[in-house]
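Take a look at the structure below.
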Amino acid sequence: MQVKVLNKHIVVVAENLNQDIPVSKKQNTTVAVLERKWATVQVTRGRVLFECEGKNWVSTCMFPDVHLLLDFKTPKFAKYDGYGDPIAHLKRYCNQLRGARRNEELLIAYFGESLTGVASEWFMNQDISRWYVWDDMTQDFVKQFQYNIDIAPNRSSLSNLKKKPSESFREYAIKWIEQASRVKPPMDDHELITVFLQVQEPDYFENMMCGVGKSFSEAIKMGEMVENGLKTGIIISQASLKAATQAVQIESGDTNEKVEEIMMTSRSRRGPRRTSRRYEQPP
């Protein structure tokens, strides 16, 4: 048996309860005094740790009085890291913890298990004595991460979300639709496609106009076809055409014929322009 002093508390540790431990008369006296003062006993890995009254292991637990239900199974929570809609996370958490049976203490106690990163740090630093009911905690949580809702994408920000030269059209489209899914109120399919086409560069916009009324997945396929056409030269980009026209105007004095030649070449690669026919009824 060892007698140690930790943080002004006397601690007696027995390595193995089954072994005979020689105890002197003085040690017996010490143990007798401690037995009247010790408030808690913690058994861990064959070691018995006796602590004096005062600060003990209970003080390290945020919810020592919360007990699990007999048939309760802890789910694998979706983690919230402080980014994204906090209200959406609260809804997911409550759906995952349906087994709590409206036990608000259990809801509050296990909420920290659904957090990570800065959100977890925020939770651990809170004064839980202020949380009498579940709504008290949720209000503090939403208030802390309200900025995610305030900076959420809207229809205006979607109009400014352009494709970067370093990303493929599919990567850009997926990024765009992820942002669009966070817009409130939600956009219907027709508005989604219309806004998406309107934000495209001229080369894509001109060749994707027939995508109005189609699904978003079909619009992605059309965009990839335009992307491949621009890479292979089947489709001449407006920027390349403008640059070639300016170069001809600088190098040649006879600009009109050269420009017309370039324009004819561009039209021939795109194919004949569709024209509507007017049918007149016979007299």
Side-chain angles (χ1 to χ4, degrees), residues 83-85 88 147-282:
Y83 300 94
D85 190 342
Y147 63 87
N148 288 289
I149 300 176
D150 297 336
I151 63 174
N154 52 39
R155 286 161 173 78
S156 177
S157 62
L158 286 178
S159 300
N160 298 322
L161 188 57
K162 303 293 184 179
K163 177 181 175 297
K164 297 179 181 179
S166 59
E167 60 186 356
S168 66
F169 186 84
R170 176 174 290 269
E171 292 173 341
Y172 161 71
I174 293 175
K175 180 180 68 176
W176 193 92
I177 193 63
E178 287 177 349
Q179 296 295 312
S181 64
R182 299 173 57 192
V183 172
K184 295 179 181 180
M187 306 167 67
D188 58 32
D189 294 340
H190 178 75
E191 183 184 12
L192 193 70
I193 292 296
T194 302
V195 175
F196 180 66
L197 294 178
Q198 288 176 348
V199 303
Q200 301 306 312
E201 299 294 337
D203 295 330
Y204 287 89
F205 179 79
E206 183 178 351
N207 293 279
M208 293 178 62
M209 283 302 299
C210 58
V212 176
K214 298 184 180 296
S215 66
F216 195 82
S217 59
E218 290 177 311
I220 293 179
K221 294 178 181 178
M222 293 174 59
E224 289 181 316
M225 293 177 64
V226 175
E227 183 179 46
N228 292 332
L230 292 170
K231 289 180 178 179
T232 58
I234 297 177
I235 300 176
I236 298 179
S237 68
Q238 297 295 322
S240 300
L241 182 61
K242 183 177 180 179
T245 302
Q246 292 175 347
V248 169
Q249 290 176 346
I250 294 174
E251 295 177 359
S252 175
D254 189 7
T255 59
N256 291 334
E257 294 182 0
K258 293 291 184 180
V259 171
E260 182 65 24
E261 181 180 349
I262 294 175
M263 296 297 294
M264 291 296 295
T265 303
S266 174
R267 294 193 186 109
S268 64
R269 290 190 178 184
R270 294 182 186 177
R273 178 179 296 180
R274 296 180 180 179
T275 57
S276 59
R277 296 182 180 181
R278 180 179 298 176
Y279 294 92
E280 298 180 358
Q281 295 182 353

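Residues Leu230 and Asp203 meet the side-chain proximity criterion, which asks for heavy atoms closer than 4.5 Å.
Annotation: side chain to side chain contact (heavy atoms under 4.5 Å, CB included) contacts of Lys231 (sequence neighbours excluded): Glu227. Residues passing the side chain to side chain donor-acceptor pair (under 3.5 Å) test with Ser181, sequence neighbours excluded: none. Scored by the salt bridge (charged side-chain N to carboxylate O under 4.0 Å, His left out) test, Glu224 finds Arg170 as partners (sequence neighbours excluded). In this structure Asn160 satisfies the side chain to side chain donor-acceptor pair (under 3.5 Å) test with no other residue, sequence neighbours excluded. Listed by chain and number, the residues in a side chain to side chain contact (heavy atoms under 4.5 Å, CB included) with Tyr83 are Asp81, Asn148 (sequence neighbours excluded). Every residue two or more places apart in sequence or in another chain that forms a side chain to side chain contact (heavy atoms under 4.5 Å, CB included) with Ala152 is listed here: Arg182. Checked against side chain to side chain donor-acceptor pair (under 3.5 Å), Thr232 has no partners two or more places apart in sequence or in another chain. Remark: Phe216 engages Phe196 in a ring pair (Phe, Tyr, Trp, His ring centres under 6.0 Å) (not counting sequence neighbours). Scanning for side chain to side chain donor-acceptor pair (under 3.5 Å) contacts around Gln179 gives an empty result, with sequence neighbours left out. For the side chain to side chain contact (heavy atoms under 4.5 Å, CB included) test, residues two or more places apart in sequence or in another chain that qualify with Glu167 are Lys163, Lys164, Glu171, Tyr172, Lys175.
Taking all atoms of both residues into account, the shortest heavy-atom contact from Asn207 to Val226 is CB-CG2, 3.6 Å. Of all heavy-atom pairs spanning Leu192 and Ile177, the tightest one is CD2-CD1, 3.4 Å.
Applying the side-chain hydrogen bond (donor to acceptor under 3.5 Å, both in side chains) test to residues at least two apart or on different chains, the pairs with a partner in residues 189-198 are Arg155-Glu191.
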